[in-house]
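The structure under discussion appears below in the form of structure tokens.
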Amino acid sequence: MDEKLLKPYDPKETESRIYKLWEKSGFFNPDVCIEKGIIKSNAEPFSIVLPPPNVTGNLHTGHALMLVIEDIMTRYARMQGKKTLWLPGTDHAAIATQSKVEKLLEKEGIRKNDIGREEFLKRVEKYAKDSHDIIVNQAKTMGASLDWSREAFTLDEKRNLAVKTAFKQMYDDGLIYRGNRMVNWDPKGQTVISDDEIIYEEKKGKFYTFKYGPFKIGTARPETKFGDKYVVMHPDDKRYKDWKHMQKITVEWINGPIEATIIKDEIIDMEFGTGVMTITPWHSHEDFALAEKYKLDKEQIIDKYGKLLPIAGEFAGMKIGDAREKIVEKLKTKGLLVSIDENYVNRVATAERSNGVIEPQIMLQWFVDVNKKIPSRNNKSLKELMLEPVRDRKIKIIPEHFKKVYFHWIENLRDWCISRQIWYGHRIPVWYKGNEIYCGLETPTDKEWKQDEDTLDTWFSSGLWTFSTLGWPEKTKDLKTYHPTSVLETGHDILFFWIARMILMSQYLLGEIPFKSVYLHGMIRTADGKKMSKSLGDKAIDPLDIIKKYGNDALRMAMIIGNTPGNDLKLNENDIRGYKKFTNKIWNASRFVIEQTKDFDILNLPNLDEEDEKSNQELQKLVAEISKEMDEFRFSIAAEKIYHYFWHTFADIIIERSKIKILKNQNALSAKTLLYTHLNILLKILHPFIPFVTEEIWSIIKKRDKDDLIMVAKWPIKNDNY
RNA sequence: GCGCGCUUAGCUCAGUUGGUAGAGCAACGCAUUUACACUGCGAAGGCCGGGGGUCCGAGUCCCUCAGCGCGCACCA
């Protein structure tokens with residue numbers, strides 16, 4: 001008997017050893033599997049690209065969940081004999097990484113402008129490299145069967161070529177344009193961000209009502225009101241029927257009298273406040289739209305550091321936060337303050353990464369036009385290209401109801417602002433010389449050309465991920481074989497950020513979908529339902545701690561059972577402890593079977609008696625059911641069924657029954673045969689879920705040649721790939 | 001305001017086209033030189049959020065109300 005079997009199962013020792021064994025086999029790489037004759041060269045392909053973790057530190061439970069689900073899909077496909085590729089990579093995560101490094105430098109008393117762009121980027125790259133190494137090691141600890149030989153980075157050379165190629169094509173097609181538009185300026189991060197990178201926070205604040213000539217107007221932001229010279233009301237509002245559209249009046253305002261113009265527009269909600277408002281076109285999306293409509297003047301009030309400009313008169317140079325009360329005070333002494341509502345709840349737009357309060361501004365930036373018709377794509381717009389494959393079910397979203405959320409987002413989509421005023425990222429491939437603009441893959445040789453200072457939104461490069469990782473823009477064999485990818489598995493929180501952008505890019509650049517199915521998992525929560533965010537500190541579960549305590553297999557089971565697509569999962573340690581018991585149960589049952597069948601001629605198995613044959617057929621039925629559940633992405637149910645069968649049928653009934661048969665020597669051979677075949681099949685169907693313990697037992701049972709790993713064993717049901 | 005979910009045993013959640021309510025954990029009773037106490041056997045526990053409808057039949061489909069969560073928009 002193998003010595004290991006004399007001791008209880010020790011996941012800690014086993015898991016790292018087993019992962020090395022897998023890596024050494026090379027079977028994570030489908031090319032190796034073909035070379036060694038494990039997989040047919042014409043087998044059906046199966047591919048997943050790993051959603052690349054940001055190089056901003058450690059893996060958290062969300063990553064762990066993603067790795068578990070994708071590893072299950074991958075291992076299942078590989079065992080089915082498919083040409084299986086799970087492609088790893090990391091994301092440079094422009095803003096997130098840069099701001100992290102900025103914070104670290106701050107602790108050393110260094111500001112990025114002190115050391116300059118080049119030196120700063122060196123620091124970021126060092127940090128990114130370190131994070132990358134940690135992440136890769138953690139992914140390996142999780143047992144992820146990723147093909148490391150194909151690893152990619154969103155900011156490496158090949159991906160940079162893909163980004164430039166994509167940018168140029170979109171530029172040439174007029175889909176990327178530069179223009180003065182209303183953007184979301186983050187004064188803290190000193191960059192613009194896209195609509196999707198904004199988080200709205202409800203904050204209780206004051207709502208002021210001021211006298212504005214004959215009207216009363218309300219505002220939560222008095223500091224923006226200096227330039228307000230248009231006063232808007234609804235054309236049907238009887239209270240103001242005597243005032244005419246475009247009528248001019250003189251009103252006393254913050255810094256003296258100004259000439260105001262009356263605007264009548266249906267945008268006004270007559271029920272809200274007094275039904276009258278003034279507008280600030282430079283600092284509000286809606287006011288901007290109104291100003292465009294009536295060709296009104298626009299004036300900047302706040303600069304990009306959040307300070308008031310000379311238009312504010314005596315308040316110029318003050319930070320808006322400091323100026324507010326003083327402005328109100330002045331209006332009060334002038335007798336223009338009507339009332340203050342202290343209980344006004346405002347939704348404040350803040351930047352996802354820097355937490356800075358967004359200040360809408362008109363700025364010269366680069367945008368992707370989502371509405372322009374594209375001749376090379378049947379005159380469809382990017383919006384339509386994103387919409388169609390989901391609507392026509394070419395891309396299946398699991399769970400399906402997220403489709404509606406997706407459509408809703410597309411309907412409200414505005415042009416995508418892709419330029420960022422940060423240093424870390426793909427530099428915009430555009431050069432300027434006087435009034436000339438050049439966009440291309442190569443830097444112009446003439447030194448007078450100056451490259452655009454900005455970098456691209458990180459999601460621009462992530463959008464190319466399904467094909468940039470496979471070698472695009474080159475027409476590689478990988479691209480031909482593995483694209484469109486089979487499944488894209490990720491959290492539902494990045495449906496818009498990422499999934500939508502991948503569909504956009506793939507549809508436009510390749511004319512095909514990026515993936516056939518999208519599997520959206522829920523967010524992991526703590527046992528009391530809180531989000532597992534960094535702010536939780538010690539209360540957050542660190543997947544690596546869990547693995548140390550209970551083993552990876554136990555964590556995997558806890559993350560899969562009870563976890564259905566789209567729904568959040570409360571992870572509690574008690575459950576994980578329970579699944580640790582399960583791995584031990586498997587270990588002990590195997591120990592018994594191995595001992596009973598050690599001097600067994602596996603090539604010459606006797607027939608089963610009637611009772612055992614019935615059990616055999618029951619297992620066949622189970623295998624068929626499990627396969628169906630797996631094919632339909634119901635991993636939770638599949639795992640639960642196997643768990644239940646192993647424990648309460650195989651261990652509690654079949655093994656117990658066999659003891660009697662063996663002891664009484666009645667049909668003992670039949671019993672042993674059943675034990676042997678059952679264990680073999682059960683280990684295989686358990687393997688995608690709990691790869692380590694099953695591989696370890698497999699190695700003890702077999703003791704054949706070194707290539708005989710359960711990770712490439714044939715799934716115990718017939719299919720076309722074998 | 002518009003949209004999307006969730007509400008099932010004490011807790012965490014399954015429940016695929018409608019056909020007699022399920023699991024894990026917890027709690028309860030019994031057993032125990034067994035591959036395994038990281039065990040076994042047993043019993044208990046639910047007007048499936050409220051109301052209405054369709055149907056021979058509804059946890060499941062439709063309407064409606066409520067509580068919770070999330071997304072989007074508006075917020076002068």
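Proteins come first, then strands; the chains are lettered A, B, ... in the order of their sequence lines, and each starts at number 1. Since we're looking at a predicted model, the values are computed, not measured.
Between the C1' atom of B:rG1 and the CD atom of A:Glu271 lies a distance of 13 Å, rounded to the nearest Å. Across the protein-nucleic acid pair, A:Leu679 atom CG and B:rC36 atom P stand 16 Å apart, rounded to whole Å. The distance between atom CG of A:Asn567 and atom C1' of B:rC4, rounded to the nearest whole Å, is 12 Å. Computed from coordinates, the A:His285 NE2 to B:rC72 P distance equals 14 Å when rounded to whole Å. At whole-Å resolution of the value, CD in A:Glu640 and C1' in B:rU16 are 14 Å apart. Rounded to an integer number of Å, the gap from A:Asn412 CG to B:rC74 C1' is 11 Å. In this structure, A:Arg577 atom CZ and B:rA26 atom P are separated by 9 Å, rounded to whole Å. B:rC36 atom P lies 15 Å from atom NZ of A:Lys580, rounded to whole Å.
The gap from the C1' atom of B:rU7 to that of B:rA14 amounts to 15 Å, rounded to the nearest Å. For the C1' atom pair drawn from B:rG29 and B:rC65, the interatomic distance equals 44 Å after rounding to whole Å. Across the C1' atoms, B:rG22 and B:rU8 are found 10 Å apart, a figure rounded to whole Å. Rounded to the nearest Å, the gap between the P atom of B:rG3 and that of B:rU64 is 11 Å. If you take atom C1' in B:rG5 and the same atom in B:rG42, they sit 40 Å apart, rounded to whole Å.
Using a 4.0 Å heavy-atom criterion, one finds that A:Leu495 contacts no nucleic acid atom at all. Here A:Asp287 lies out of heavy-atom contact (under 4.0 Å) with every strand. Within 4.0 Å (heavy atoms only), A:Arg221 reaches no atom of the nucleic acid at all. Using a 4.0 Å heavy-atom cutoff across all strands shown, A:Ile655 reaches at least one base atom of the nucleic acid. Using a 4.0 Å heavy-atom criterion, one finds that A:Gly562 contacts the sugar-phosphate atoms exclusively. As judged by a 4.0 angstrom heavy-atom cut-off over every strand, A:Ser636 is placed among residues making no nucleic acid contact.
For A:Arg347, the listed nucleotide lying nearest its side chain is B:rA73; candidates were B:rU16, B:rA73, B:rA26. Picking from B:rC38, B:rC75, B:rG71 the nucleotide with the shortest atom distance to the side chain of A:Phe272 gives B:rC75. Which of B:rG40, B:rG71, B:rC36 sits closest to the side chain of A:Phe496 comes down to B:rG71. When the nucleotides B:rC74, B:rU16, B:rA35 are ranked by their closest atom to the side chain of A:Ala651, B:rA35 comes out on top. Side-chain proximity of A:Lys570 to the nucleotides B:rC13, B:rC74, B:rC38 is greatest for B:rC13. Side-chain proximity of A:Lys581 to the nucleotides B:rU39, B:rG71, B:rA35 is greatest for B:rU39. Out of B:rC75, B:rC41, B:rA26, the shortest distance to the side chain of A:Asp652 is found at B:rC41.
No donor-acceptor distance shorter than 3.5 angstrom exists from the side chain of A:Glu632 to the backbone of A:Arg634, with no hydrogens or angles considered.
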Would you please test A:His245 and A:Tyr294 for ring pair (Phe, Tyr, Trp, His ring centres under 6.0 Å) and show each step?
CA-CA 11 Å; A:His245 182 60; A:Tyr294 296 108; 5.1 Å; yes
Verify ring pair (Phe, Tyr, Trp, His ring centres under 6.0 Å) between A:Tyr579 and A:Tyr643, making sure each step is shown before the conclusion.
CA-CA 9 Å; A:Tyr579 294 116; A:Tyr643 175 93; 5.6 Å; yes
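A:Asn667 and A:Asp612 are not linked by any side-chain donor-acceptor pair at a separation below 3.5 angstrom, with hydrogens and angles left out of the test. Side-chain atoms of A:Glu489 and A:His521 form a donor-acceptor pair, as typed in the model, at a separation below 3.5 Å. At a cut-off of 3.5 Å, with distance as the only test, no side-chain donor of A:Asn346 or A:Lys204 sits close to an acceptor on the other residue.
Interface remark: the A:Glu656 side chain does form a donor-acceptor pair with the B:rA35 base, using a distance-only criterion of under 3.5 Å. Side chain A:Lys585 to base B:rC36: a donor-acceptor pair is found below 3.5 Å.
The side chain to side chain contact (heavy atoms under 4.5 Å, CB included) test with A:Asp228 is passed by exactly one of A:Ile258, A:Asp287, A:Thr219, A:Thr280: A:Thr280. Screening A:Lys12, A:Lys580, A:Glu573 against A:Tyr550 for a side chain to side chain donor-acceptor pair (under 3.5 Å) leaves a single residue, A:Glu573. Screening A:Tyr240, A:Tyr212, A:Phe215 for a side chain to side chain contact (heavy atoms under 4.5 Å, CB included) with A:Thr274, the sole residue that qualifies is A:Tyr240.
Dashed line: the shortest gap from a side-chain N or O of A:Trp647 to OP1 or OP2 of B:rA23 is not under 4.0 Å. Contact annotation: A:Thr564 side-chain N/O to B:rA14 OP1/OP2 distance is under 4.0 Å. For A:His408 and B:rC70, the shortest distance from a side-chain N or O to OP1 or OP2 is not below 4.0 Å.
Annotation: of the two residues near RNA chain B, A:His401 and A:Thr583, the 5′-most nearest-nucleotide partner is A:His401.
Secondary-structure annotation of RNA chain B gives the stems B:1-7 with B:66-72, B:10-13 with B:22-25, B:28-31 with B:39-42, B:49-53 with B:61-65, with a stem taken as at least 3 successive Watson-Crick or G-U pairs whose two distances both fall under 3.5 Å.
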